[in-house]
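Note sheet for the following structure.
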Amino acid sequence: MNAAPPTTGVLADRYGRVARDLRVSLTDKCNLRCTYCMPAEGLPWLAGPDLLGDDEIVRLVGVAVRQLGVTEVRFTGGEPLIRPGLVGIVAAVAALDPRPRISLTTNGIGLDRLAPTLRAAGLDRVNVSLDTLAPERFARLTRRARLADVLAGLAGAAAAGLTPVKINSVLMRGVNDTEAPELLRFALAHGYELRFIEQMPLDAQHGWDRAAMVTADEILATLRAEFDLAPDPVERGAAPAETWLVDGGPARVGVIASVTRPFCGDCDRTRLTADGQVRACLFATEESDLRGALRAGADDDELAQRWRAAMWGKRAGHGIDDPAFLQPARPMSAIGG
Ligand code: SAM
């Protein structure tokens, strides 16, 4: 095993994985306050000058795409739709050669208006987060009464061709865990692809409880009471979601079981935070500063090499099951989910 990172080529690590999927957080701010993510009062936001500017983001994504073999770029946050320069960033990334596939993870608020513009700028598809279809429950869970806006956002994304439109749902015991079949019926009726995400220890309040989380096995058992689920014949590859054909297909449902069925061995992700730090893993406790190097005048080769070195140090697994597991200091909203 080589001790030093490679000095050319892709984002490899010591375990033979190659990162091709880049998640870029555009802001740590959000217009919702999901109880499992952020406290009601919000968080101490990153200071404006610490945030990468639009040009800095495009430059770093360009390095990733041209020099490091990244083929997928996903914008996230915080809430990426509230970043003023979003459309311009998408257009500039779509103009890169080679052109990466571009997607967005969003809560959907405002997407009905923005979807056609984002599509025209080069966005390929979206993931919209939606944990409940009950308006009052939505308001309690997100601390904002915006369910109608999210549903409009979903419809707008589909109408604009940002397909397949995927829905991400986190189930919480005693909150919305009985809603899995209804969420799936809704997704099937509208042609959206639903994926349940196991709740992870990434909340700002450090309230995650392994014993209380709803597991993939429970989600599947609840769904199987109403639907026939057959293993998806399509190779999973590096996808975080394990998928099943619903009632014979072609519709699918997925579960991202990061906690109970970790998929670290196939992980192909690298992350860039809104303040320009590379993270090799959602759960990493170390980060590598690209913003400092970029602002100190580093050229693209040096930025690429710093990125390679950061990914070379990626750990074999996220270690949630290790008794010594430490939740990262940054919450999900500041990493980019
Ligand atoms: N604001 C955007 C959104 O709502 O999709 C993007 C950022 S949000 C952090 C990305 C995804 O992470 C959402 O689907 C959200 O439900 C999920 N998420 C947040 N905290 C989580 C946690 N502790 N465990 C699992 N998923 C979480």
Side-chain angles (χ1 to χ4, degrees), residues 23-39 42-43 45 74-83 86 103-111 114 118 123 125-132 137-138 141-144 146-147 149-151 153-154 157 162 165-173 175-177 179 183 187 192-210 212-216 219 240-241 254-263 269 271-274 279 281-283 318 320 325 327-328 330-337:
R23 307 283 163 104
V24 183
S25 174
L26 295 181
T27 173
D28 57 330
K29 291 185 183 156
C30 191
N31 43 5
L32 295 181
R33 292 286 181 275
C34 299
T35 49
Y36 59 89
C37 190
M38 253 192 224
L43 291 166
W45 310 121
R74 165 94 58 96
F75 294 111
T76 179
E79 176 44 48
L81 290 185
I82 64 178
R83 173 133 187 162
L86 172 65
S103 59
L104 184 75
T105 299
T106 170
N107 62 31
I109 296 172
L111 188 57
L114 265 173
L118 285 167
L123 186 68
R125 47 164 226 88
V126 291
N127 282 23
V128 177
S129 302
L130 175 65
D131 303 324
T132 175
R137 185 178 284 165
F138 184 97
L141 209 157
T142 66
R143 302 190 179 99
R144 303 285 187 271
R146 307 295 299 266
L147 175 62
D149 298 293
V150 178
L151 298 181
L154 277 164
L162 294 171
V165 173
K166 296 188 182 175
I167 296 180
N168 293 342
S169 299
V170 178
L171 296 180
M172 279 142 298
R173 201 173 302 286
V175 178
N176 63 342
D177 52 335
E179 241 189 278
L183 283 162
Y192 307 142
E193 217 174 293
L194 176 63
R195 295 122 52 92
F196 293 99
I197 309 178
E198 281 183 346
Q199 193 182 353
M200 296 178 274
L202 287 170
D203 55 315
Q205 309 91 305
H206 291 230
W208 182 83
D209 176 359
R210 166 103 201 205
M213 61 161 284
V214 180
T215 64
I219 297 167
V255 180
I256 301 179
S258 315
V259 179
T260 63
R261 302 179 185 189
F263 37 87
R269 282 164 287 289
R271 295 172 187 277
L272 182 65
T273 64
R279 297 178 62 89
C281 170
L282 257 184
F283 298 93
H318 57 40
I320 293 177
F325 173 74
Q327 183 171 335
R330 269 187 205 258
M332 179 75 125
S333 57
I335 297 171

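Remember, it's 1-based here, ligands and their atoms both numbered in the order they're listed. All residue numbers refer to positions in the sequence shown, counting from 1.
Listed by chain and residue number, nothing satisfies the salt bridge (Lys or Arg N to Asp or Glu O under 4.0 Å) test with Arg271 (two or more places apart in sequence, or in another chain).
Asp131 and Ser169 make their closest contact through OD1-CA, 3.4 Å (heavy atoms, listed as atom of the first residue, atom of the second, distance). In this structure, Lys29 and Ile82 approach most closely via the heavy-atom pair O-CD1, 3.5 Å. Shortest non-hydrogen contact noted between Gly337 and Thr76 is O-OG1, 3.3 Å.
Ordered by chain and residue number, the residues placing a heavy atom less than 4.0 Å from ligand 1 are Tyr36, Cys37, Thr76, Gly77, Gly78, Glu79, Thr105, Thr106, Asn107, Ser129, Asn168, Val170, Ile197, Glu198, Gln199, Met200, Met332, Gly337.
A salt bridge is defined here as a Lys NZ or Arg NE, NH1 or NH2 lying under 4.0 Å from an Asp or Glu carboxylate O, and Arg261 with Glu198 fails to meet this definition.
Side-chain contact between Arg330 and Arg279 is present, with heavy atoms from C-beta onward closer than 4.5 Å.
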